[in-house]
Undergrad: 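Take this structure, written in structure tokens, and hold onto it; I'll ask about it next.
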Number of protein chains: 2
Amino acid sequence: MQEEIIEKKYTQAHECPITLFMEQIGGKWKPVIIWVLLLNEVMRFNELDKAIGGISQKMLSQQLKDLEKLDIVIRKVYPVIPPKVEYRLSEKGKSLEENLKMIMSWSNQNLK
Amino acid sequence: MQEEIIEKKYTQAHECPITLFMEQIGGKWKPVIIWVLLLNEVMRFNELDKAIGGISQKMLSQQLKDLEKLDIVIRKVYPVIPPKVEYRLSEKGKSLEENLKMIMSWSNQNLK
DNA sequence: CAGTATCCACAACGATACTG
DNA sequence: CAGTATCGTTGTGGATACTG
């Protein structure tokens, strides 16, 4: 099954699933957001902000929306004042764990 | 060993190895370049260009330089006219195969 | 608290033309 | 063939201020 994938040759390699992945899950913040949600299960907006560090509210909000659209993050709003919003990973989001672990491991061994 | 990684909590999550990976191997073209070199072993500049599709010479040249600096790609120049330059993956580059396969597989199952 | 809105800087990316 | 050089566009990310 995985072998089929490596055999397949796209006429244009840049249309391959890796590009798709990089476009949708890549970038500066999305992998980190997913990672802290893997570590913490449920987090509020400000908790994410502090845990990640160095991210602006605008970026955090924007990236969370993107991830919600991809069904990777689930957003739960409690209708209270002051507002309370919880973020957690969907099953799809959790299924990224092995990918991210592998990347971290490789990165630790090969990058500085 | 991998477990240690997931246990470790960075004060600032955005400094984690995933971010490092995305900064250095991420982006629009690097993963694709690595991928076609995994499929073809040795390639010349114009072959890479055609195999990838949609990339400008400038981008291809630039990204290859970056990958060379990271010791992921090896560049071999033959002093002939017209010029002949071959690109191949280093061992470090080849060690990305499992990562990329995993990403492709996940992408195929979860993204459109 | 959990965001928006606005404006701005810079880097990434691309098209085209040119060269040893 | 394998690139550079140049210029222009687009996208990404950030600072700050404001709001229900």
Side-chain angles (χ1 to χ4, degrees), chain A residues 12-16 18-34 36-37 40 42-70 73-88, chain B residues 12-16 18-34 36-37 40 42-70 73-88:
Chain A
Q12 305 274 89
H14 80 278
E15 291 162 355
C16 75
I18 300 175
T19 298
L20 210 58
F21 185 92
M22 288 297 162
E23 281 170 8
Q24 302 192 16
I25 323 279
K28 189 170 179 178
W29 297 116
K30 292 198 182 78
V32 188
I33 292 173
I34 295 167
V36 302
L37 284 174
N40 296 289
V42 182
M43 298 182 84
R44 298 180 63 173
F45 189 84
N46 278 354
E47 289 176 332
L48 277 163
D49 196 350
K50 282 171 196 162
I52 293 166
I55 189 171
S56 66
Q57 284 185 312
K58 174 190 159 191
M59 274 300 118
L60 181 52
S61 159
Q62 194 175 102
Q63 305 296 304
L64 283 168
K65 272 184 192 165
D66 291 349
L67 291 172
E68 207 190 340
K69 273 185 196 153
L70 291 169
V73 160
I74 296 168
R75 181 172 181 268
K76 187 172 180 182
V77 185
Y78 295 86
V80 294
I81 295 179
K84 176 176 176 178
V85 181
E86 285 178 351
Y87 293 93
R88 75 189 69 218
Chain B
Q12 305 273 89
H14 79 279
E15 291 162 355
C16 76
I18 299 175
T19 298
L20 209 59
F21 185 92
M22 289 297 161
E23 281 171 7
Q24 301 193 16
I25 323 279
K28 189 169 179 178
W29 298 115
K30 292 199 183 75
V32 188
I33 292 173
I34 295 167
V36 301
L37 284 174
N40 296 288
V42 181
M43 297 183 83
R44 298 179 65 175
F45 189 85
N46 278 354
E47 288 177 333
L48 277 162
D49 196 349
K50 281 171 197 163
I52 294 166
I55 189 171
S56 66
Q57 284 184 312
K58 175 188 158 193
M59 274 299 118
L60 181 53
S61 159
Q62 193 176 101
Q63 305 296 305
L64 283 168
K65 272 184 192 165
D66 291 349
L67 291 172
E68 206 189 340
K69 274 184 195 152
L70 290 170
V73 160
I74 297 168
R75 179 173 182 270
K76 189 173 178 182
V77 185
Y78 295 88
V80 294
I81 294 176
K84 175 177 177 179
V85 181
E86 286 179 350
Y87 293 93
R88 75 190 68 219

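What's counted below: heavy atoms across the whole structure, side chains too, no hydrogens, waters or symmetry copies. All values derive from a computational prediction rather than experimental measurement.
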Undergrad: Between A/Gly54 and A/Gln57, which is nearer to the 5' end of DNA chain D once each is assigned its nearest nucleotide?
TA: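 Taking each residue's closest nucleotide, the earlier one in sequence belongs to A/Gly54.
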Undergrad: For the side chain of B/Pro82, starting at C-beta, report the closest nucleotide among C/dG14, D/dA2, D/dC1.
TA: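 So the side chain of B/Pro82 is nearest to D/dC1.
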Undergrad: To the nearest 0.5 Å, tell me how far B/Gln62 CD sits from B/Leu64 CG.
TA: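 Separation between the atoms: 10.5 Å.
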Undergrad: Side chain of B/Asn46, heavy atoms from C-beta onward: which of D/dA2, C/dG3, C/dG14 has the nearest atom to it?
TA: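 When the side chain of B/Asn46 is considered, D/dA2 is the closest of D/dA2, C/dG3, C/dG14.
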Undergrad: Rounded to the nearest 0.5 Å, what separation is found between the CD atom of B/Gln57 and the CZ atom of B/Phe45?
TA: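 Going from the CD atom of B/Gln57 to the CZ atom of B/Phe45 covers 5.5 Å.
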Undergrad: Given D/dA2, C/dC13, C/dA2, identify the nucleotide with an atom nearest to the side chain of B/Arg44.
TA: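 When the side chain of B/Arg44 is considered, D/dA2 is the closest of D/dA2, C/dC13, C/dA2.
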Undergrad: When rounded to the nearest 0.5 angstrom, what is the spacing between CG in A/Leu48 and CD in A/Gln63?
TA: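 Spacing of CG (A/Leu48) from CD (A/Gln63) equals 12.0 Å.
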Undergrad: Return the nearest nucleotide to the side chain of A/Lys65; candidates are C/dT4, C/dA2, D/dC7.
TA: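 In terms of side-chain proximity for A/Lys65, the closest of C/dT4, C/dA2, D/dC7 is C/dT4.
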Undergrad: Measure the distance from NZ on A/Lys84 to C1' on C/dA2 and round it to the nearest whole Å.
TA: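 It is 13 Å, rounded to the nearest whole Å.
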Undergrad: Using whole Å, what does the distance between atom P of nucleotide D/dG3 and atom CG of B/Leu64 come to?
TA: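 The answer, rounded to whole Å, is 7 Å.
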Undergrad: Of all the choices, D/dC1, C/dG3, C/dG14, which nucleotide is nearest to the side chain of B/Lys28 once you look at every atom?
TA: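 The closest nucleotide is C/dG14.
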Undergrad: Enter the distance from B/Ile55:CD1 to B/Leu60:CG here, rounded to the nearest 0.5 Å.
TA: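 So the gap between those two atoms works out to 4.5 Å.
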Undergrad: Find the distance B/Met22:CE to C/dA12:C1' and express it as a whole number of Å.
TA: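 Answer to the nearest Å: 17 Å.
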Undergrad: To the nearest Å, give me how far apart NE2 (A/His14) and P (C/dA12) are.
TA: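 Whole-Å distance recorded here is 20 Å.
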Undergrad: Ignoring the backbone of B/Lys58, work out which of C/dT4, D/dG13, D/dT6 is nearest its side chain.
TA: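 Among the listed nucleotides, the one closest to the side chain of B/Lys58 is D/dT6.
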Undergrad: Over how many whole Å does the gap from A/Met59 atom CE to C/dT4 atom C1' extend?
TA: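 Value for this atom pair: 13 Å.
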Undergrad: Please tell me whether A/Tyr78 and A/Glu86 have a donor and an acceptor in their side chains that are separated by less than 3.5 angstrom.
TA: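 Side-chain D/A pair, A/Tyr78 to A/Glu86: present.
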Undergrad: What integer distance in Å separates B/Glu23:CD from D/dG13:P?
TA: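 Distance check: B/Glu23 CD to D/dG13 P gives 11 Å.
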Undergrad: Does any part of the side chain of A/Lys76, heavy atoms only, come nearer than 4.5 Å to the side chain of A/Lys84, both counted from C-beta?
TA: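 Result no, sub-4.5 Å side-chain heavy-atom pair not found.
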Undergrad: Can you check the A/Gln63 CD to C/dT4 C1' distance for me, whole Å?
TA: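 Checked: the CD to C1' distance equals 16 Å.
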Undergrad: Could you state the atom-to-atom distance from CG of A/Asp66 to C1' of D/dT12 in whole Å?
TA: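 That distance rounds to 12 Å.
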Undergrad: Can you tell me how far the CG atom of B/Leu70 sits from the CD1 atom of B/Ile25, to the nearest 0.5 Å?
TA: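 Rounded to the nearest 0.5 Å, the CG-CD1 separation comes to 5.5 Å.
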Undergrad: When you check the phosphate oxygens OP1 and OP2 of C/dT4, does a side-chain N or O of A/Ser61 lie under 4.0 Å from one of them?
TA: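 For C/dT4, OP1 or OP2 has a side-chain N or O of A/Ser61 closer than 4.0 Å.
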Undergrad: Starting at the 5' end of DNA chain D and moving along, which residue's nearest nucleotide shows up first, A/Gly27 or B/Tyr87?
TA: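 Going by which nucleotide is closer to the 5' end, it is B/Tyr87.
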Undergrad: Would you indicate which nucleotide in C/dG3, D/dA5, D/dA2 comes nearest to any side-chain atom of B/Arg75?
TA: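 Minimum distance to the B/Arg75 side chain belongs to D/dA2.
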Undergrad: Find the bend of the helix from C/dC1-D/dG20 to C/dG20-D/dC1 as the angle between its two terminal axes (five pairs each), to the nearest 10°.
TA: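 Both end axes considered, the difference amounts to 50°.
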Undergrad: Roughly how far apart are A/Lys30 NZ and A/Leu67 CG, rounded to 0.5 Å?
TA: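 A/Lys30 NZ to A/Leu67 CG: 6.0 Å, rounded to 0.5 Å.
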